[in-house]
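Just dropping this structure here.
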Amino acid sequence: LDVETYEEVSVMAFKAVFAGKGVELPGIDVNELTPEAVVVMRAFCAAKWDKKDVECPARVAVEAAFPSAHSYVEVVRYYLDETTVVRNLLGLAKYMDFSDEAGRSEISSLIRLEILANSKLEDILVPAAFEVLRMVSIDLADARRSATDIILNDLAMQDEFAEACTGATPNEEAIMAHARALVLSEELLKFPKAGSDLMILMRPVLQKVVFPAMGHPDEVVRSFVIRCIALYCQIDFSGAEASTYIKLFIHAIRKDAPSVQQEAMKAVFDLILTFSLSKLREDDENNEREILKVLGEHLAGNNAETQTVAVEGFAKLLFCNRLPREPGLLSRLLLLFFNPMTEDDSRLRQCLAIFFPAFAAASASHKLIIEKIFLPTVRTIAEAPRGTALHSVNSFMVGQFMVQLTETSIANESQKDDSLGQASEIHERLAAAILNEIIDAPDEDLAFTKTLCRLVNILRFHATESNSSSLNELHALLQAARKSQPDSSCRKLLGKVEERIEWQLNNSDEEESGRAYDMTTSISRQLVIEG
């Protein structure tokens with residue numbers, strides 16, 4: 001592996017090697033460090049570190065390489081022009097002893113003045129440097145003050161900084177200083193245990209660094225602006241800032257470049273998850289509908305990345321019950337999952353492949369939503385015009401997938417709710433709805449009718465004392481549906497279901513009452529084979 005390209009993967013690989021017994025750290029000369037050598041050392045320390053053992057191999061290796069905080073600082077300073085080496089050296093700081101006041105002061109000065117305030121160094125160093133600053137600061141508040149001081153008194157004091165915020169200067173140093181100030185602002189807003197004290201510190205930063213850049217011509221800069229404002233909204237636990245800036249995010253989703261749209265969409269989804277949609281709408285139901293409409297438009301957008309962000313966001317909100325229970329949205333996600341146009345979007349497909357089973361298992365009420373979308377979704381595919389992507393989708397496979405999701409056997413027993421009783425008879429209700437559809441279907445719609453007959457044939461019915469009347473009603477519907485069908489294959493399929501129900505009605509004694517006549521064994525395997 002190229003450790004500069006696959007740095008974290010390399011660390012994990014070497015860590016696994018060093019986890020074995022008897023594997024020692026090869027000799028490393030800090031005067032001739034290479035990216036490979038420092039990655040190996042970091043992996044060794046991660047594998048061998050034991051904070052309770054003062055003589056653990058990792059501690060011994062670090063003390064041998066850096067006998068004092070001063071020597072560590074000198075090594076980091078020597079390699080400042082080599083980004084990968086410096087970043088991994090900063091990663092070793094967690095294994096250093098900075099209990100000495102002079103040592104903490106020296107490393108703090110290095111981090112503040114020579115790394116964070118030095119906009120000529122690569123921004124990729126910022127997260128690791130911030131982490132070290134937190135470690136050597138007296139407390140979190142001190143680290144926050146140091147960070148805002150760097151932004152306001154070091155970077156923002158550059159000549160033409162204000163012009164750089166709006167993109168109105170060719171001054172390269174001012175442009176780099178503003179870019180670093182944005183990166184630092186984002187990192188500072190990610191600090192844990194944020195709240196009112198960080199909001200007070202960040203207001204002048206936002207006023208001087210972030211807000212002036214909202215109209216910057218570079219979309220990368222505007223993306224940073226969106227992320228910073230979104231994080232600022234998150235640290236205001238009251239939700240007031242979120243309600244204030246939601247319109248800015250919506251405007252960006254509507255009008256800005258795709259990369260900025262994606263950041264704004266992530267911001268809105270996260271704010272809905274944190275504060276709920278009702279809190280963001282400012283007591284206006286039209287605002288709520290408008291927010292969902294703007295986000296929903298990107299489910300059918302032309303930009304694949306933006307579409308994936310929309311899918312991930314809606315999946316997250318649906319799973320966490322943060323949206324009104326609108327079945328149409330779930331149906332759209334299901335159609336996207338099977339749509340051949342999304343076949344190459346592995347992230348979208350992976351998201352939905354995990355989402356649907358988890359959503360169905362999380363709550364019985366979720367199964368009831370799937371019940372509502374069952375027939376409309378299958379019908380949408382069956383009626384898709386020729387030449388469209390959905391026309392090539394196998395409607396039976398989609399229905400089969402929903403049958404699997406609505407099986408009571410995948411219910412999460414630890415999350416029972418008031419809908420559990422209703423969910424236990426979903427397949428009986430689905431069968432009744434499908435049979436009525438078959439009875440009313442015109443003769444020329446034979447392909448769709450055959451699909452419905454196949455679907456009703458894989459539903460699972462439970463013969464219990466409480467639903468015996470439902471099974472009798474199904475039996476009568478089956479007889480009517482079978483008589484209405486001129487096609488012999490449809491009659492044969494319906495006849496099999498009729499036989500199953502007759503068997504269950506005749507064998508619903510105490511031993512068999514809770515047992516399902518399972519006709520859907522290996523559905524997952526069938527989906528894979530047919531797919």
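None of these values were measured; they are calculated from a predicted model.
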Notebook entry, point to check: Any sub-3.5 Å donor-acceptor pair from Ser108's side-chain atoms to Arg104's backbone N or O?
Noted result: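 Side chain of Ser108 to backbone of Arg104, a donor-acceptor pair under 3.5 Å: no, none is there.
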Item checked: Check: Ser278/Glu288 side-chain N/O donor and acceptor closer than 3.5 Å ->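 Not at all, the side chains of Ser278 and Glu288 share no donor-acceptor pair under 3.5 Å.
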Notebook entry, point to check: Parallel, tilted or perpendicular: which describes the rings of His366 and Phe319, with under 30° parallel and over 60° perpendicular?
Noted result: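 Correct class here is tilted.
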Next item on the list: Mark yes or no for whether Thr342, through its side chain, and Asp345, through its backbone, hold a donor-acceptor pair below 3.5 Å.
Entry: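 Between the backbone of Asp345 and the side chain of Thr342 there is no qualifying donor-acceptor contact (under 3.5 Å).
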Check: Would Thr308 and Cys351 satisfy side-chain contact (heavy atoms from CB on, under 4.5 Å), going step by step from the backbone distance to the final call?
Finding: CA-CA 9 Å; Thr308 299; Cys351 168; over 6 Å; no
Item checked: Reported NE2-to-CD1 distance for the pair His178 and Ile151, which is rounded to 0.5 angstrom ->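 The NE2 atom of His178 sits 10.5 Å away from the CD1 atom of Ile151.
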Next item on the list: Could you check Gln404 against Gln400 for side-chain contact (heavy atoms from CB on, under 4.5 Å), going step by step and ending with a plain yes or no?
Entry: CA-CA 6 Å; Gln404 184 184 32; Gln400 189 180 43; over 6 Å; no
Checklist line | All salt bridge (charged side-chain N to carboxylate O under 4.0 Å, His left out) counterparts of Arg322, not counting sequence neighbours | finding: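 For Arg322 there are no salt bridge (charged side-chain N to carboxylate O under 4.0 Å, His left out) partners, ignoring immediate neighbours.
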Notebook entry, point to check: Charged N to carboxylate O below 4.0 Å: is that the case for Arg347 and Glu312?
Noted result: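 A salt bridge links Arg347 with Glu312.
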Note to self: Under a 3.5 Å distance rule, please check whether Ser146 uses its side chain to pair with a backbone N or O of Leu133 as donor and acceptor.
What the structure shows: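 Absent.
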Checklist line | Any Ile250 side-chain heavy atom under 4.5 Å of Ile291 side chain | finding: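 A side-chain contact under 4.5 Å exists here.
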Next item on the list: Report the distance from atom CD of Glu241 to atom CE of Met199, rounding to the nearest 0.5 Å.
Entry: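 The distance works out to 4.5 Å.
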Check: Above 12 or not: heavy atoms from other molecules or residues under 6.0 Å from CD of Gln350?
Finding: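 At most 12 heavy atoms, drawn from other residues, nucleotides or ligands, come within 6.0 Å of this atom.
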Checklist line | Charged N-O contact under 4.0 Å between Glu8 and Arg42 | finding: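 Counted as a salt bridge, because a side-chain N and a carboxylate O are separated by less than 4.0 Å.
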Notebook entry, point to check: How far does CG of Leu329 sit from CD1 of Ile369, to the nearest 0.5 angstrom?
Noted result: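 If I round to the nearest 0.5 Å, the distance is 10.0 Å.
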Checklist line | Atom CG of Asp100: over 12 foreign heavy atoms under 6.0 Å | finding: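 Check passes, neighbour count above 12.
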Next item on the list: Take atom CG of Leu113 as the centre, draw a 6.0 Å sphere, and report whether it contains more than 12 heavy atoms from other residues, nucleotides or ligands.
Entry: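 Result for CG/Leu113: enclosed.
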Next item on the list: Report yes if some heavy atom in the side chain of Phe355 is under 4.5 Å from a heavy atom in the side chain of Leu333; otherwise report no.
Entry: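 Contact flag for Phe355/Leu333 side chains = yes.
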Next item on the list: Step by step, work out the side-chain contact (heavy atoms from CB on, under 4.5 Å) result for Leu188 and Leu198.
Entry: CA-CA 9 Å; Leu188 178 56; Leu198 182 55; 4.0 Å; yes
Item checked: Atom pair CE (Met265) and CD1 (Ile226), whose distance is rounded to the nearest 0.5 Å ->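 Nearest 0.5 Å value for the CE-CD1 distance: 12.5 Å.
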Checklist line | Side chain Tyr72, main chain Leu89, donor-acceptor under 3.5 Å | finding: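 Looks like yes, one N/O pair under 3.5 Å.
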Item checked: Glu173, CD atom: more than 12 neighbouring heavy atoms under 6.0 Å ->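 No, the 6.0 Å shell around CD holds no more than 12 heavy atoms from other groups.
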Margin query: Apply salt bridge (charged side-chain N to carboxylate O under 4.0 Å, His left out) to residues Glu114 and Arg77 and explain how you reach the verdict.
Written below: CA-CA 8 Å; Glu114 299 183 51; Arg77 181 178 288 126; 2.8 Å; yes
Next item on the list: Could you go through the salt bridge (charged side-chain N to carboxylate O under 4.0 Å, His left out) check for Arg87 and Glu7 one step at a time?
Entry: CA-CA 10 Å; Arg87 189 162 66 158; Glu7 184 178 320; 2.6 Å; yes
Check: How many angstroms lie between atom CD of Glu163 and atom OG1 of Thr166, to the nearest 0.5 angstrom?
Finding: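 Atom-to-atom, Glu163:CD and Thr166:OG1 are 7.0 Å apart.
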Next item on the list: Answer yes or no: is there an ion pair linking Arg59 with Asp50, defined by an N-O contact shorter than 4.0 Å?
Entry: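 No, this pair does not count.
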Next item on the list: Would you please name every residue forming a side chain to side chain contact (heavy atoms under 4.5 Å, CB included) with Gln262, sequence neighbours left out?
Entry: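 Scan of Gln262 (side chain to side chain contact (heavy atoms under 4.5 Å, CB included), adjacent residues dropped) gives Pro258, Asn303, Glu305, Thr306, Val309.
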Notebook entry, point to check: Is the closest side-chain heavy-atom distance between Ile28 and Leu33 below 4.5 Å?
Noted result: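 Result yes, sub-4.5 Å side-chain heavy-atom pair found.
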Margin query: Is there a side-chain contact between Leu330 and Phe359 in this structure, where contact means two heavy atoms from C-beta onward sitting under 4.5 Å apart?
Written below: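 Yes, close enough: below the 4.5 Å cut-off.
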Margin query: Let's go through Leu352 and Val311 carefully: what are the C-alpha distance in whole Å and the side-chain angles of both, what is the deciding distance for side-chain contact (heavy atoms from CB on, under 4.5 Å) to 0.1 Å, and is it a yes or a no?
Written below: CA-CA 8 Å; Leu352 293 178; Val311 166; 3.6 Å; yes
Next item on the list: Look only at the side chain of Ser71 and the backbone of Ser68, and say whether a donor-acceptor pair between them is shorter than 3.5 Å.
Entry: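 Side chain of Ser71 to backbone of Ser68: a pair is present.
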Next item on the list: Enumerate the residue pairs fulfilling ring-ring contact (aromatic ring centres under 6.0 Å, His included) with a member in residues 255-280, sequence neighbours excluded, ordered by first and then second residue.
Entry: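 Non-adjacent pairs meeting ring-ring contact (aromatic ring centres under 6.0 Å, His included): Phe269-Phe314.
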Next item on the list: May I ask you to test the Lys279-Ser276 pair for a side-chain heavy-atom distance under 4.5 Å?
Entry: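 In short, these two side chains touch, coming nearer than 4.5 Å.
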Item checked: Minimum side-chain heavy-atom gap Gln307-Leu348 below 4.5 Å ->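 Side chain of Gln307 against side chain of Leu348, heavy atoms only: contact under 4.5 Å found.
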Item checked: Residue pair Met214 / Arg222, side-chain heavy-atom distance below 4.5 Å ->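 No, every pair of side-chain atoms sits at 4.5 Å or beyond.
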Notebook entry, point to check: Is the shortest distance from a Lys or Arg side-chain nitrogen in Glu131 or Arg134 to a carboxylate oxygen in the other one below 4.0 Å?
Noted result: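 A salt bridge links Glu131 with Arg134.
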Check: Which pairs count as side chain to side chain donor-acceptor pair (under 3.5 Å) when at least one residue sits in residues 11-30, sequence neighbours excluded?
Finding: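 Every pair satisfying side chain to side chain donor-acceptor pair (under 3.5 Å) with a residue in residues 11-30: Asp29-Asn31.
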Note to self: Quick test of your reading: applying ring-ring contact (aromatic ring centres under 6.0 Å, His included), list the pairs with at least one residue in residues 1-34, sequence neighbours left out, ordered by first then second residue.
What the structure shows: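 Passing the test, one end in residues 1-34: Phe18-Phe44.
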Next item on the list: Side-chain contact test, heavy atoms from C-beta onward, threshold under 4.5 Å: evaluate it for Asn339 versus Leu335 and give yes or no.
Entry: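 No; the side chains remain at least 4.5 Å from each other.
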Note to self: Looking at Thr84, is its backbone amide N or carbonyl O close enough to the side chain of Asn88 to form a donor-acceptor pair, meaning the two atoms are under 3.5 Å apart?
What the structure shows: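 Side chain of Asn88 to backbone of Thr84, a donor-acceptor pair under 3.5 Å: yes, one is there.
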Item checked: Short N-O contact, Lys316 and Asp270, less than 4.0 angstrom ->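 Salt bridge: yes.
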Notebook entry, point to check: Which pairs pass salt bridge (charged side-chain N to carboxylate O under 4.0 Å, His left out) with one or both residues in residues 121-130, sequence neighbours excluded?
Noted result: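 Listed once each, the pairs are Asp123-Arg180.
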